[in-house]
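One structure is given here, and the rest of the page talks about it.
The first residue in the sequence is number 1, and the count goes up from there. FYI, side chains are in, hydrogens and waters are out, and symmetry mates aren't considered; it's all heavy atoms of this structure. Remember, it's 1-based here, ligands and their atoms both numbered in the order they're listed.
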Amino acid sequence: MGRSYFIHTFGCQMNESDSQRMGEALSRAGWSAAGAAEAADLVLVNTCSIREKAEDKLFSALGRYRLLKSQRGLKIGVAGCVASSQTERLLARAPFVDFVLGPDHLDKVPELADRGGVETDFLDTEQYLFPQADPETSRGRATAFVTAMKGCDNVCSFCVVPYTRGREVSRPYAEVVREIASLVAVGVREVTLIGQNVNSYAGGCTFAELIRRVASVPGLLRIRFTTSHPMDLSPELVRCFHDVPQLMPHFHLPVQHGADTVLQRMRRKYTIGEYQKRIGALPEHVALTSDIICGFPGETDEEHAENIAFLSRTPYDNLFSFLYSPRPHTGAILKLAEWGEVPRETALRRLDEVQKLQQARTLRRHLDRVGSEVEVLVEGGAGFAGDGRSPKGRSSDAHGFGRSRENWTVHFEGDANVGDLIEVRVQSASLVALRGAQTKVLDRAEATAAPRRRLAVVNAPECCG
Ligand code: SAM
Ligand code: SF4
């Protein structure tokens, strides 16, 4: 019997994608995927440290795996952001961990699983090689994440990413396009280009040119990307939303706060006026989403009121709003005493206000679509093998689900299969999804009958990514 692994992933799409690459590296080395941690010889926890809560969840998961280790003698590895930024603290708190690896060493996972140890340094830009995706892992899926760049050269004062992911490195465009062509060959129809600051891409062409090159891959129906910085939104990228038909009309462009004084303390490098000018250039049909932080150090009642006023006049399709979480190494934690901590109750009240404002608006937008048709790419359907990726709110009578062009979740009744592009007549809507009936198949996916290779991965999303 060969050895088996199980990966528990915390965090964003970047972590999800890294987990896939680590699973593929283990498969190449002869490991197989286990259905659950209880059945595995190796449990690998891929961590997120964007907020403190994510770290707390990591230590509670490690506690559970420690018990399995004492019962069954399995190995435990820790990868990802906590591994790279807090190795010593991690090993002091969880000395039973067998190995630790940072995001620049994903391909070393089989070697570390055998010999143990710590590999968390960041490689020089010239030395760094992006791990290649194994397209077979995506067989049977309609969508895939494709890494375009990694790291971040900004220093937003709340954010730990530059310390956990290192400097920006872009992947050569030819490699990105080749990977996408190989994914399309196994049936993938939509790709999301990912990177911590994806629109500052510089892998031999601009990000807008990369989108145009990707759009030329035959058979690819949809392109998305995440996450972008407002300062890197170029007129060229805006033009892509006008004239690249495969680019979906959804743009996640985090503003973080609606008051200039807070943006300055956050070191975001733009004012609200500049942000508004940039989003004003986007075509009207583009669904705009954003991230907001409430309770940032020193946030006054007036600044919160400015935030609410900005959010009220900016027609966001959806918002991911977070309570500020002090992070090690960051600029804001060093200034906490000077700027002043916002009392937790106040921060929670402000967060609640932001969420209520957006929830009412998102629900209205969804309800406005009742009675009309939406185009949906089917991600789970009648032919769905099932991999635990069903979105929230799926009911047993819905035959399938997918995403609209704007990235809304749509449940439908109908016989479409994974990868089909269909039209759905919307019959009802909630805050989280639309629901309706399939009316037409717009583009039938060619069967990619062979079952896709299973990766033992559990996901626990922590941020919008
Ligand atoms: N690169 C993106 C940008 O510039 O907007 C952000 C990526 S970050 C991984 C995802 C989101 O997590 C951020 O947009 C921010 O809203 C949130 N976030 C990051 N650090 C945080 C902190 N210390 N406390 C609360 N939320 C935080
Ligand atoms: Fe980089 Fe975004 Fe974090 Fe700012 S918020 S440091 S741009 S990842």
Per-atom contacts, ligand 1 versus R268 - under 4.0 Å to a heavy atom: 3 (C), 4 (O), 5 (O)

Enumerate the atoms of ligand 2 whose separation from the nearest heavy atom of C152 is less than 4.0 angstrom. 1 (Fe), 6 (S), 7 (S), 8 (S)

Could you tell me whether ligand 1 has any atom less than 4.0 Å away from a heavy atom of N197? no

Between V418 and G140 the two heavy atoms that sit nearest each other are CG1-O, 3.4 Å

Applying a heavy-atom cut-off of 4.0 Å, say which part of I50 lies close to ligand 1: side chain, backbone, both or neither. both

Between F158 and ligand 1, does any nitrogen or oxygen pair lie at a separation below 3.5 Å? yes

Polar contacts were defined as any N/O atom of the residue lying under 3.5 Å from an N/O atom of the ligand; does this apply to Y324 and ligand 1? no

Could you tell me whether R361 sits above the aromatic face of Y316, with NZ or CZ closer than 6.0 angstrom to the six-membered ring centre and within 45 degrees of the axis? no

Going by an N to O cut-off under 4.0 Å, is there a salt bridge joining R212 and E209? no

Any Lys/Arg nitrogen of D260 or R268 sitting under 4.0 Å from an Asp/Glu carboxylate oxygen of the other? no

What do the steps show when you test F96 against Y65 for side-chain contact (heavy atoms from CB on, under 4.5 Å), and what is the final call? CA-CA 10 Å; F96 51 87; Y65 298 137; 5.9 Å; no

Please confirm whether Q256 comes within less than 3.5 Å of ligand 1 when only nitrogen or oxygen atoms on both sides are compared. yes

D243 with R239: basic N within carboxylate O range, under 4.0 Å: no

Which atoms of ligand 2 are found less than 4.0 Å from any heavy atom of F158? 5 (S)

What do you reckon, does Q196 have a nitrogen or oxygen under 3.5 Å from a nitrogen or oxygen of ligand 1? yes

Is the shortest side-chain N to carboxylate O distance from R365 to E406 below 4.0 Å? no

So, 2.8 Å as the limit: is an N/O/S atom of C156 located closer than that to atom 4 (Fe) of ligand 2? yes

Do the side chains of E338 and R265 get close enough for a salt bridge, i.e. N-O under 4.0 angstrom? no

For D291, the atoms of ligand 1 under 4.0 Å from one of its heavy atoms are 10 (C), 11 (C), 13 (C), 14 (O), 16 (O)

Students should be able to answer this: which protein heavy-atom is nearest to atom 3 (Fe) of ligand 2, and at what distance? C159 SG, 2.3 Å

Side chain, backbone, both or neither: which part of P162 has a heavy atom under 4.0 Å from ligand 2? side chain

Per-atom contacts of ligand 1 with R327, taking only distances under 4.0 Å to non-hydrogen atoms: 23 (N)

Can you tell me if R278 uses its side chain to pair, donor with acceptor, with the backbone of L233 under 3.5 Å? yes

Among H229, R268, M14, the residue with a heavy atom nearest to atom 5 (S) of ligand 2 is R268

Structural part of L323 in contact with ligand 1, heavy atom criterion under 4.0 angstrom: backbone

Evaluate the side-chain proximity of F130 to V169: yes if any heavy-atom separation is below 4.5 Å, no if none is. yes

Aromatic contact between F225 and F207, with the criterion being ring centroids under 6.0 Å apart: yes or no? yes

Strictly below 4.0 Å, N to O, side chains only: are R224 and E190 in salt-bridge contact? yes

Contact between ligand 1 and L253 is defined here as a heavy atom of the residue under 4.0 Å from a ligand atom; is it met? no

Can you tell me if M14 contacts ligand 1 (heavy atom of the residue under 4.0 Å from the ligand)? no

Looking only at distance, does H229 have an N or O less than 3.5 Å from an N or O of ligand 1? no

